[in-house]
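Each remark here refers to the structure printed beneath this line.
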Amino acid sequence: MAHVVSSLDQPSNYKDSQTRVDRMKQNEMLSKSTTLYIGNLSFYTTEEQIYELFTKCASPEDGGGIKRIIMGLDRNTRTPCGFCFVEYYTHAEALASMRYVSGTKLDERIIRCDLDLGYKEGRQFGRGKSGGQVRDEHRQDYDPGRGGWGAQAQRIEIERRREVEERYADAVDGPGAVAGGGEDWKEAENAAPEKTLKRGRSPDDEGNNNGRLGQRTRTEEDMEAERM
């Protein structure tokens, strides 16, 4: 069965596309490598979580252990983008991690481990056009652990929304547009009518009325006197 089941401590066929080392030299370097590439991480997985998991395969009593962890970062935002490098002190520890850690779950994601040629400054940044990993550039599914939709799908959606907003702006400001304030007539219609206030009666008015009343009464008395 040895020819049917592949060994868990053998590196995959993946090779860094930007390396300038030939295939034979790469195989030689991998046979001594103490560095692992860890992929399919959640953007929310912390360095502390990675250390806690991968230290289980360390052998500090034999002079080993984790030398350092380099988190993969988005080139533009400098935030984690789903990968990292774990560097051990010995090759045996790296192989043990490939055998026992690769394929396990971390933050509900199945992570993968692979031997790496060795970390060099600059490799911590994503190589995608949007700053993250290339795999997240063209991903069409929704993955909440890796920023939602793929970067390309997000750009398409942003462009679509911008076009809709521009068409709406043209419809509002262009020829034949309906002027704003169409609801003003309702406010005027519903406004309470002005009340016509009657002038209050003043004491002078009352006095004048009484005077006229008295004058009218005296005139009537005079006319009656003449008739007599």
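It should be emphasised that the depicted structure is a prediction, and the values quoted were computed from it without experimental measurement. For this chain, numbers begin at 1 and follow the sequence in order.
For the residue pair Ser31 / Glu28, no side-chain donor-acceptor distance below 3.5 Å is found, with atom types taken as modelled. Side-chain N/O atoms of Thr79 and Thr77 include a donor and acceptor closer than 3.5 Å.
Taking 4.0 Å as the cut-off between side-chain N and carboxylate O, Glu87 and Lys67 count as a salt-bridged pair. Using a 4.0 Å cut-off between a side-chain N of Lys or Arg and a carboxylate O of Asp or Glu, Asp141 and Arg139 qualify as a salt bridge. With respect to Asp136 and Lys129, no salt bridge is recorded, no charged nitrogen being found less than 4.0 Å from a carboxylate O.
More than 12 heavy-atom neighbours from other residues, nucleotides or ligands sit within 6.0 angstrom of CD on Glu61. Within a 6.0 Å radius of CD in Glu52, no more than 12 heavy atoms belonging to other residues, nucleotides or ligands are found.
Summarising the geometry of Ser42 relative to Asp107, their closest heavy-atom pair is CB-CB, 4.2 Å, with the distance given to 0.1 Å.
Between Tyr119 and Phe85, the ring-plane angle classifies as tilted under the 30° and 60° cut-offs.
Partner of Leu106 under the side-chain contact (heavy atoms from CB on, under 4.5 Å) criterion, chosen from Leu41, Asn40, Val101: Leu41. For the side-chain contact (heavy atoms from CB on, under 4.5 Å) criterion with Glu163, the lone passing option out of Arg161, Arg167, Glu165 is Arg167.
Cation-pi contact between Arg78 and Phe125: present, with separation from the ring centre below 6.0 Å and deviation from the ring axis of at most 45°.
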